[in-house]
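The structure appears below as structure tokens.
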Amino acid sequence: MSGTRRPVWSRDFALFFVARALAGLGDAMLPVALAAGLLQYGYGVGAVGLAMASSAASFAGLVIFGGVIADRFSTRKLMIGADLVRLVTQSLAAALFFTDHVILWQICAIGAVNGVAGAVFQPGVASTVPRLATDVQGANGAIRIAEAAAQLAGPALAGLLVAFASAGGVFAAHATTYALSALCLLLLRLPPAAPGSWVRGSSFKADLAEGWREFRSRTWLWSVIVIWCVYMIAVWGPTVPLVATEVVQQHGPRAYGLVNSALGAGTVIGGLIALRLRPRRMLRAGSFALFAFACFPASVGAGLGLPAMAAGAATAGAGMALWGVMWATSIQTQVAPDVLNRIHAYDVAGSLAMMPVGQALAGPAATALGADHVLLMAGVMTLVVATALLSVPAIRDLVRVDAPPRPRTSGAIPGRARLKNR
């Protein structure tokens, strides 16, 4: 790094930072709007789970193709276009709630379109971070703090809008965050991408297959994804809709906003720790931190008071933030930039593939076992998942790399120089 270049902060990284914070603000408001809005119109927990699953399913199913597209075209333009699409869809959702024309299949259809837009947007995030900052872990920590601050403010703001206005007001605010995010990305001057191995004329299928070969060649990468599928089905999938409906029904929308804000506050703390903590084995440290997430579903499932639930959420947020920074940085520094978007797409698709399953099963499971028991089981499964991550040598022994690898040269065997880290 040159003496005049700062490792993280610059005008362009600040714009990207703000764009991620704004998008995170809207996304943090959405569960409150869906839970309170659909419950108001007579729908139950199953409907809330389906509405959330519609977006997650289309996102997880198409993000792999988004990774190939991101390696072929301008990631900035793709992200701007995706934000504009979601501006339109969330404005439509706001209109439906404002006019009292709320039909579940229409809300699910809007969610599905949002998922497609997200599948185009997300792969470019991974390659944008190392292009804007030389300290990749520091940049990821800063972005995690931005997203956490949004998590802190978003639910509280959504709760106030629902209580004093309507769920339609939350969707209108969500649409506005996408408009502002698109504006920040439009002003962003993204440095040129490093030259890679993709050549014009190569088939879409060949690029997809190359990304898969790069993905499966890294034991630490696919092992985490396999374990994460269990996490999504048994922990995150049911936790999001069940915590939302349980807290809203028992304590009201503003209480749910407080709990989610505590989750955001904990994530800020975890992001700040990640700015300072530089473990040699990043995924090992992140796996230990993940144990803390059990406090979130377990505190709600145990029926503890609002202060205890907020404390559990804060603890969970700190652990999840530390894991998230360590994981994102590992991918961005262990994978060559010319295949990074595709690798990230496989990562995201694998990580989220089972989330809609968990969300869709949340309602039936809560009906059969009780929402409190499902949440307590989610807490136990968090401990199982973290233990499983630590049991895989390729995960716990992966040694950090502080700078992204150079692009692969044409004809090189993919990843030959990095076999020791797999």
Distance-only, no hydrogens or angles: does the [X] side chain make a donor-acceptor pair with backbone N or O of [Y] under 3.5 Å?
X: E246; Y: G303; answer: no
X: R276; Y: L272; answer: no
X: R216; Y: W222; answer: no
X: S181; Y: T177; answer: no
X: T315; Y: A292; answer: no
X: S391; Y: A388; answer: yes
X: R76; Y: L185; answer: yes

State, to 0.1 Å, how close [X] and [Y] come at their nearest heavy-atom pair, and which atoms those are.
X: T239; Y: P297; result: OG1-CB, 3.7 Å
X: A175; Y: L87; result: O-CD1, 3.2 Å
X: V170; Y: A158; result: CG2-O, 3.8 Å
X: M381; Y: A234; result: CG-CB, 3.8 Å
X: Y256; Y: V240; result: OH-O, 4.5 Å
X: A262; Y: A310; result: CB-O, 3.2 Å

Requested in this report: Verify side-chain contact (heavy atoms from CB on, under 4.5 Å) between S287 and W323, making sure each step is shown before the conclusion.
Outcome: CA-CA 6 Å; S287 298; W323 161 261; 3.7 Å; yes

Tell me, do [X] and [Y] make a side-chain contact under 4.5 Å, heavy atoms counted?
X: V357; Y: M232; result: no
X: V243; Y: M309; result: no
X: F215; Y: I225; result: yes
X: L389; Y: R396; result: no
X: W220; Y: D397; result: no
X: M282; Y: V325; result: no
X: V259; Y: H251; result: no
X: L242; Y: V300; result: no

Query raised in the report: Got a sec, which pairs hit side-chain hydrogen bond (donor to acceptor under 3.5 Å, both in side chains) with one end in residues 48-64, sequence neighbours left out?
Result: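 Qualifying pairs: none.
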
Query raised in the report: What pairs meet the side-chain hydrogen bond (donor to acceptor under 3.5 Å, both in side chains) rule with one or both residues in residues 90-112, with sequence neighbours excluded?
Result: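 Residue pairs with at least one partner in residues 90-112: Y41-D100, Q90-N114, Q90-H174.
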
When rounded to the nearest 0.5 angstrom, what distance separates [atom1] in [X] from [atom2] in [Y]?
X: L221; Y: L283; atom1: CG; atom2: CG; value: 9.5 Å
X: D83; Y: L186; atom1: CG; atom2: CG; value: 11.0 Å
X: L290; Y: T387; atom1: CG; atom2: OG1; value: 9.5 Å
X: I395; Y: I227; atom1: CD1; atom2: CD1; value: 4.5 Å
X: L376; Y: L369; atom1: CG; atom2: CG; value: 11.0 Å
X: R218; Y: I331; atom1: CZ; atom2: CD1; value: 10.0 Å

Report task. Look at atom CZ of F288 and say whether more than 12 heavy atoms of other residues, nucleotides or ligands are closer to it than 6.0 Å. Result -> no

Report task. Please report the C-alpha distance between V125 and I143 in whole Å, then the side-chain angles of each, then the deciding distance to 0.1 Å, and finally whether the side-chain contact (heavy atoms from CB on, under 4.5 Å) criterion is met. Result -> CA-CA 11 Å; V125 173; I143 291 173; 5.9 Å; no

Query raised in the report: Hey, mind stepping through L84 and Y178 against side-chain contact (heavy atoms from CB on, under 4.5 Å) and telling me if it holds?
Result: CA-CA 7 Å; L84 294 178; Y178 284 126; over 6 Å; no

Report task. Take R131 and D12 through the test salt bridge (Lys or Arg N to Asp or Glu O under 4.0 Å) and record every step on the way to the result. Result -> CA-CA 10 Å; R131 288 167 69 182; D12 293 314; over 6 Å; no

Query - Ring centre gap for W228 and W327 strictly below 6.0 Å - result: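 Ring centres of W327 and W228 not closer than 6.0 Å.
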
Query raised in the report: Among all residues two or more places apart in sequence or in another chain, which pass the ring pair (Phe, Tyr, Trp, His ring centres under 6.0 Å) test with W236?
Result: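 W236 satisfies ring pair (Phe, Tyr, Trp, His ring centres under 6.0 Å) with F293 once adjacent residues are dropped.
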
Report task. For side-chain contact (heavy atoms from CB on, under 4.5 Å), just list the numbers for V247 and L258, CA-CA rounded to whole Å, side-chain angles, deciding distance to a tenth of an Å, and then say yes or no. Result -> CA-CA 10 Å; V247 176; L258 176 62; over 6 Å; no

Query raised in the report: Does R86 count as lying over the ring of F121, i.e. NZ or CZ under 6.0 Å from the six-ring centre, within 45 degrees of the axis?
Result: yes

